[in-house]
Amino acid sequence: MYKHGAFADIMATKDFISPSGVGTLPVYFGTAPVNQLADSSDTVKKPILIQSFNDAKKKIGYSDSWDKYTLCEAIYAHFKNDIQPIGPIVVINGIDPSTHKTTGETDTITMTNGVGYLDDEDAILSSIKIADKTLGTDYLASFTDDGIKVTITDLNGSLGESVSITYDKINLTNITASTIEELTSSVNMVYQTFNMIPTILASPGWSSDKNVDIALKVASDKINGHFFAFVNSDIDSSTTITIEQAKIKKTTDDYTSNIEAPCWPMGKKGDKKFHLSTLATVTMQMVDFQNGNIPSETPSNKPIDISSLCLADGKEIEYDQIGANDLNSKGIRTASFWGGRWVLWGPHTGEYEYAKDIDPKNIFDSSVRMLHYIANVFQLKYGILIDGPFSRAMKDTILNDMQEWLDNLIAQGKLLSGTIVFNELSNPTSDIVEGDFVFDISSTTTPPGKSITAKITYTSSGLDVLFGGDGQ
């Protein structure tokens, strides 16, 4: 096309795309508005990889009704936050439009210039019908970009000024905590589907149910019989409304595992409420990426995209860092306003409690996750060697290769020490003849600088400068 002059084109809004090369993979369990899809048959109880906000809309739909469609909170938090879009993530949806529905809904729509709207965000798109009319020939049905309404488009002028439609709609009555508990077993499908290891599990809106929290912790231990993941969970903030209540709730509902970080309360920005488990997962993935996909640094004291703390009903709750530290002392992650920004606050696991005697490796989330990382990498690196001849050369290759990898982590400051050995005590003859071999790895993870204190003392020696001295 011949052009002569200055031109401009208005393009579609740029998608919210995360940087490439992210290694940490969160998996979320919950509910998604898959009723927005023309075909939702392949979206139930299956892992779905989400790379961007628009990718999510195409694969599972999107709605701002996060109370109903809980996975949308994770989608928004990862791909539309004002700090750094970060992904990919995997979502596993429990809504099945073929069973979780109410049938026989009707409505009459006014058509203007061949377009009308069904004002029902729960309508199941594939069920919409107009008597004596054919979808694709006489009309089209599609959800608006905001997922609030269904657009009915007259394709050939046969619908008239108004049209009666019938449809089914999502019914969430039978979606319970038990539904989400059952979903957690689907995490075992992630590795074989995407060749990616799940490393963080979360279920915002559901993990405040203690049985869901238990299911997440069970699912995170030796996924596929091999891999380890960390759990970000929430202490209920609908009935637990004070710091003291949160500390009690953490213990009574058993949010006390070394492989989880319980969070309380929630975060708020505008009219959107975020579970802190979601924001912790986003931040973990972001910090890992900044560290070369190595989970050596806690997400604590890293910025999160909120403007206040709130309870489940949206009521703002205020406390300073003293209150936040009170929660931290009981192994509860929260948020704090510090350095002119809101940050996650709390580097501990759920097992932690100040002055409690626990295994040192379980004090900090980053320590546990680093041990998970080493275990997962070892299995990936050497799983391909299984059933090959275990010769002396093979043994030495593993020792040298793994030690070099550990030394590199030490050089980067990700570990303080790390060694691998193959010793006789761990490898009795009875095991060797069965083809079972053991390598012992010892490592010291790099602890967070949880507190830095300056001890400041007054001295009168400086008064000498008043008399011409140098003050030394």
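Counting begins at 1 with the first residue of the sequence.
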Quick one, Val90 and Leu49 - any side-chain contact, counting heavy atoms below 4.5 Å? yes
Between Leu371 and Ser443, is there a side-chain heavy-atom distance shorter than 4.5 Å? yes
Ring pair (Phe, Tyr, Trp, His ring centres under 6.0 Å) partners of residues 19-48, not counting sequence neighbours, each pair once: Tyr28-His78
What's the spacing between Ile322 CD1 and Ser336 OG if we round to 0.5 Å? 10.5 Å
Shortest non-hydrogen contact from Ile241 toward Ile317: O-CD1, 3.6 Å
Which value, rounded to the nearest 0.5 Å, describes the distance between Asp288 atom CG and Ser296 atom OG? 7.5 Å
Can you name the salt bridge (charged side-chain N to carboxylate O under 4.0 Å, His left out) partners of Lys250, sequence neighbours left out? none
With Lys129 via side-chain contact (heavy atoms from CB on, under 4.5 Å) - residues at least two apart: Thr166
Angle class for the Trp342/Phe337 ring planes (parallel below 30°, perpendicular above 60°, tilted otherwise)? perpendicular
Verify side-chain hydrogen bond (donor to acceptor under 3.5 Å, both in side chains) between Asn54 and Ser52, making sure each step is shown before the conclusion. CA-CA 6 Å; Asn54 283 346; Ser52 70; 5.9 Å; no
Test item: side-chain donor near acceptor, Asp122 and Tyr69, under 3.5 Å: yes
For residues 345-361, the salt bridge (charged side-chain N to carboxylate O under 4.0 Å, His left out) pairs (sequence neighbours left out) are Lys330-Glu353
Please check this pair: side chain of Thr242 against backbone of Gln245, looking for a donor-acceptor N/O pair closer than 3.5 Å. yes
Is there a donor-acceptor pair under 3.5 Å between the side chain of Asp119 and the backbone N or O of Lys149? no
Provide the closest heavy-atom pair for Thr334 versus Pro265 in the form atom of the first, atom of the second, distance. OG1-CD, 3.7 Å
Should we say atom NZ of Lys68 is surrounded by more than 12 heavy atoms from elsewhere, each under 6.0 Å from it? yes
Set of side-chain hydrogen bond (donor to acceptor under 3.5 Å, both in side chains) partners for Lys247, sequence neighbours left out: Glu244, Asp326
Minimum side-chain heavy-atom gap Ile248-Thr251 below 4.5 Å: no
May I ask you to check whether Thr144 and Tyr117 show a side-chain donor-acceptor distance below 3.5 Å? no
If I take atom CD1 from residue Ile384 and atom NZ from residue Lys381, how far apart are they, to the nearest 0.5 angstrom? 12.0 Å
Inspect the surroundings of CG in Asp320 and state if more than 12 heavy atoms from other residues, nucleotides or ligands are less than 6.0 Å away. yes
Nearest heavy atoms of Ala229 and Ile200, plus distance in Å: CB-N, 4.1 Å
Tell me if a side-chain donor or acceptor on Glu105 pairs with a main-chain N or O of Tyr167 at a distance below 3.5 Å. no
Has the side chain of Asn293 got a donor or acceptor atom that lies under 3.5 Å from a matching backbone atom of Gly21? yes
Is there a donor-acceptor pair under 3.5 Å between the side chain of Asn376 and the backbone N or O of Tyr373? no
Tell me if the NZ atom of Lys58 is crowded by more than 12 foreign heavy atoms within 6.0 Å. no
Side chain proximity check, Ile374 to Leu415, heavy atoms < 4.5 angstrom: yes
Does some side-chain heavy atom of Ile60 sit less than 4.5 Å from a side-chain heavy atom of Val91? yes
Looking only at heavy atoms, what is the nearest atom pair of Leu140 and Leu135, with distance? CA-CD1, 4.1 Å
Within the 3.5 Å criterion, strictly below it, is a donor on Asn81 or Asp305 matched to an acceptor on the partner's side chain? no
Closest approach of Pro303 to Thr283 (non-hydrogen atoms, all atoms of both residues): O-OG1, 4.3 Å
Interatomic distance, CD1@Ile441 vs CE@Met402, rounded to 0.5 Å, equals 4.0 Å
Whether the side chain of Lys268 engages the backbone of Gly314 through a donor-acceptor N/O pair (distance < 3.5 Å, no angle test) should be reported. yes
Under the 3.5 angstrom rule, does the side chain of Asn93 hit a backbone N or O of Thr43 as a donor-acceptor pair? yes
Examine distances only and state if a side-chain atom of Gln379 and a backbone atom of His226 form a donor-acceptor pair shorter than 3.5 Å. yes
Please tabulate, one pair per line, all N/O donor-acceptor pairs under 3.5 Å involving side-chain atoms of residues 191-199, not counting sequence neighbours.
from: Thr193; atom 1: OG1; to: Met189; atom 2: O; distance (Å): 2.5
from: Thr199; atom 1: OG1; to: Leu25; atom 2: N; distance (Å): 2.9
from: Thr199; atom 1: OG1; to: Leu25; atom 2: O; distance (Å): 3.4

Just by distance, no angles: are the side chains of Asn362 and Thr349 close enough, under 3.5 Å, to form a donor-acceptor pair? no
Not counting sequence neighbours, which residues clear ring pair (Phe, Tyr, Trp, His ring centres under 6.0 Å) with Tyr382? List them please. Phe378
Would you indicate whether the side-chain heavy atoms of His348 and Lys450 approach each other to under 4.5 Å? yes
Of all residues at least two apart in sequence or in a different chain, which pass the side-chain hydrogen bond (donor to acceptor under 3.5 Å, both in side chains) check with Ser238? Asp236
Phe143 meets the ring pair (Phe, Tyr, Trp, His ring centres under 6.0 Å) criterion, sequence neighbours left out, with none
Beyond-backbone contact of Val282 with Ile86, side-chain heavy atoms, under 4.5 angstrom: yes
Let me confirm one number: the OG1-NZ distance from Thr184 to Lys217, rounded to the nearest 0.5 Å. 12.5 Å
Considering residues at least two apart in sequence or located in another chain, which fulfil the ring pair (Phe, Tyr, Trp, His ring centres under 6.0 Å) criterion with Phe230? none
Is there a donor in the side chain of Thr298 and an acceptor in the side chain of Asp365, or the other way round, less than 3.5 Å apart? yes
Pair Ser207-Ser233, side-chain donor/acceptor within less than 3.5 Å: no
Is there a side-chain contact between Val231 and Ser257, using heavy atoms and a 4.5 Å cut-off? no
CD1 on Ile165 to CG on Asp107, rounded to 0.5 Å: 5.5 Å
Take atom NZ in Lys133; do more than 12 heavy atoms of anything else shown fall under 6.0 Å from it? yes
Give every residue pair that meets the ring pair (Phe, Tyr, Trp, His ring centres under 6.0 Å) criterion with at least one member in residues 258-289, sequence neighbours excluded. Trp66-Phe274
Could you tell me which non-hydrogen atom of Lys45 sits nearest to which non-hydrogen atom of Ser186, and how far apart they are? O-OG, 3.1 Å
Is there a donor-acceptor pair under 3.5 Å between the side chain of Ser127 and the backbone N or O of Ile124? yes
Is the backbone N or O of Glu121 less than 3.5 Å from a side-chain atom of Asn35, with the two atoms forming a donor-acceptor pair by type? yes
Residue pairs fulfilling salt bridge (charged side-chain N to carboxylate O under 4.0 Å, His left out) with at least one residue in residues 84-94, sequence neighbours excluded: none
